Amino acid sequence: MQYQGVLTKMETEIGTPIQYYLVFESDFINVNQLLNKTVNIQFVGYQCLACGENKKIYRQGYCYDDFYNQPQVGDWIMRPELSTAHLGVEDRDLEYEKKVQLQPHIVYLANSSNVKVGVTRKSQVPTRWIDQGAHKAIEIVETPNRYLAGITEVALKNHVADKTNWRKMLKNEVEDGDLTEYRERIKDFIPDEVKDYYIASNKETTIDFPVIEYPTKLKSLNLEKTPEYSGVLKGIKGQYLIFEDDTVFNVRNNEGYVVQLTIL
């Protein structure tokens with residue numbers, strides 16, 4: 001079987017385990033069905049997710065020009081505390097920013113390698129946790145906009161990590177902990193203007209990933225340095241494909257890359 005298309009983040013579906021899908025223009029691939037099969041990945045070219053041109057991808061699936069123009073990659077995406085739509089202040093496109101920022105957001109604790117704090121739109125729960133490779137997560141607050149979630153995350157970062165150790169996550173070297181207890185411990189550090197949005201009743205969500213075998217050493221596949229690779233797929237976790245020879249491939253980091261997949 002052979003497929004060709006532009007890589008975008010894998011779509012996911014709740015299940016035991018999580019179901020993963022690669023969506024190309026003319027193909028829809030259930031990646032779980034490729035486990036224990038040899039997958040050949042060949043780099044074909046680029047296709048910017050905004051302009052659609054064969055221009056070298058700079059970051060997050062966009063060419064250089066579009067990365068600095070598109071509202072989907074404004075600084076407030078990575079730093080929610082910089083959101084200004086609630087003030088009517090535009091960053092790149094106020095209508096887009098209102099649509100995304102002025103909706104319910106969740107501040108959460110997740111454990112993918114260690115306990116970390118994060119922010120996501122309510123509509124992205126539990127997708128965001130799955131994409132991070134978190135095996136457990138719990139909500140802390142639900143705010144009416146992105147800004148309030150962002151300042152909460154900033155306040156809590158002083159007391160809990162805000163980064164995932166992707167190497168430990170992929171090796172399944174997880175420091176386990178009771179997230180309900182953790183939430184209780186840090187709730188006093190929530191900013192005063194957000195305290196009324198604290199969630200006390202939610203329980204932990206547990207996520208099961210389709211991994212047959214975890215890697216012991218990690219080798220990241222870089223399509224520009226290695227334009228063709230073949231390996232036996234042994235797992236999918238976060239947005240990573242895990243292969244038998246300890247090679248891992250971050251699909252999300254390769255958005256905008258055109259690839260040919262051959263299943264042997």
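Values in this document were obtained by computation on a predicted structure and should not be read as measured data. Heads up: numbering here begins at 1 and tracks the sequence.
- Evaluation of the side chain to side chain contact (heavy atoms under 4.5 Å, CB included) rule for Val258 yields Gln4, Val6, Val44, Gln47 as partners, not counting sequence neighbours.
- Lys116 and Asn111 share no donor-acceptor pair across their side chains, judged by distance under 3.5 Å alone.
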Tell me which donor-acceptor pairs under 3.5 Å the side chains of residues 168-177 have, and how far apart each pair is, sequence neighbours excluded?
residue : atom : partner : partner atom : Å
Lys171  : NZ   : Thr216  : O            : 3.4
Asn172  : OD1  : Lys237  : NZ           : 3.2

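- Salt bridge annotation for Glu181-Arg185: present, with a cationic side-chain nitrogen under 4.0 angstrom from a carboxylate oxygen.
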Practice prompt. Quick one: do Gln103 and Ser123 satisfy side-chain contact (heavy atoms from CB on, under 4.5 Å)? Show the steps, please.
Written response: CA-CA 9 Å; Gln103 59 173 282; Ser123 61; 3.7 Å; yes
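- Under a 4.0 Å N-O distance rule, the pair Lys157/Asp162 qualifies as a salt bridge.
- Judged purely by atom type and a 3.5 angstrom limit, Glu97 uses its side chain to pair as donor or acceptor with the backbone of Asp91.
- In this structure Arg79 satisfies the salt bridge (charged side-chain N to carboxylate O under 4.0 Å, His left out) test together with Glu81, sequence neighbours excluded.
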Donor-acceptor list for residues 125-133 side chains, cut-off 3.5 Å, not counting sequence neighbours:
residue : atom : partner : partner atom : Å
Asp131  : OD1  : Gln239  : NE2          : 3.0
Asp131  : OD2  : Lys9    : NZ           : 2.7
Gln132  : OE1  : Tyr108  : OH           : 3.2
Gln132  : NE2  : Tyr108  : OH           : 3.0

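- Smallest separation of non-hydrogen atoms from Val115 and Val160: O-CG2, 3.6 Å.
- The nearest pair of heavy atoms linking Lys217 to Asp246 is O-CB, 2.7 Å.
- The ring pair (Phe, Tyr, Trp, His ring centres under 6.0 Å) analysis of residues 72-92, with sequence neighbours excluded, yields the pairs His86-Tyr147.
- Residues Asn254 and Asn250 come closest through the heavy atom pair ND2-O, 2.8 Å.
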Residues 198-213, side-chain donor-acceptor partners within the protein, below 3.5 Å, at least two apart:
residue : atom : partner : partner atom : Å
Asn202  : ND2  : Glu139  : OE1          : 2.9
Glu204  : OE2  : Leu179  : N            : 2.8

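- The hydrophobic cluster containing Val23, built from Ile/Leu/Val/Met/Phe/Trp/Tyr side-chain heavy atoms closer than 4.5 Å, also comprises Tyr21, Phe28.
- Residues passing the salt bridge (charged side-chain N to carboxylate O under 4.0 Å, His left out) test with Asp75, sequence neighbours excluded: none.
- With sequence neighbours left out, Lys195 forms a salt bridge (charged side-chain N to carboxylate O under 4.0 Å, His left out) with no residue at all.
- Here Lys37 pairs with nothing under the salt bridge (charged side-chain N to carboxylate O under 4.0 Å, His left out) rule; sequence neighbours left out.
- Qualifying ring pair (Phe, Tyr, Trp, His ring centres under 6.0 Å) partners for Tyr46, counting only residues two or more places apart in sequence or in other chains: Phe43, Tyr257.
- The hydrophobic cluster around Leu87 extends to Val89, counting ILVMFWY residues whose side-chain heavy atoms fall within less than 4.5 Å of a member.
- In this structure, Phe189 and Asn158 have side chains that are not in contact, with every pair of non-hydrogen atoms separated by 4.5 Å or more.
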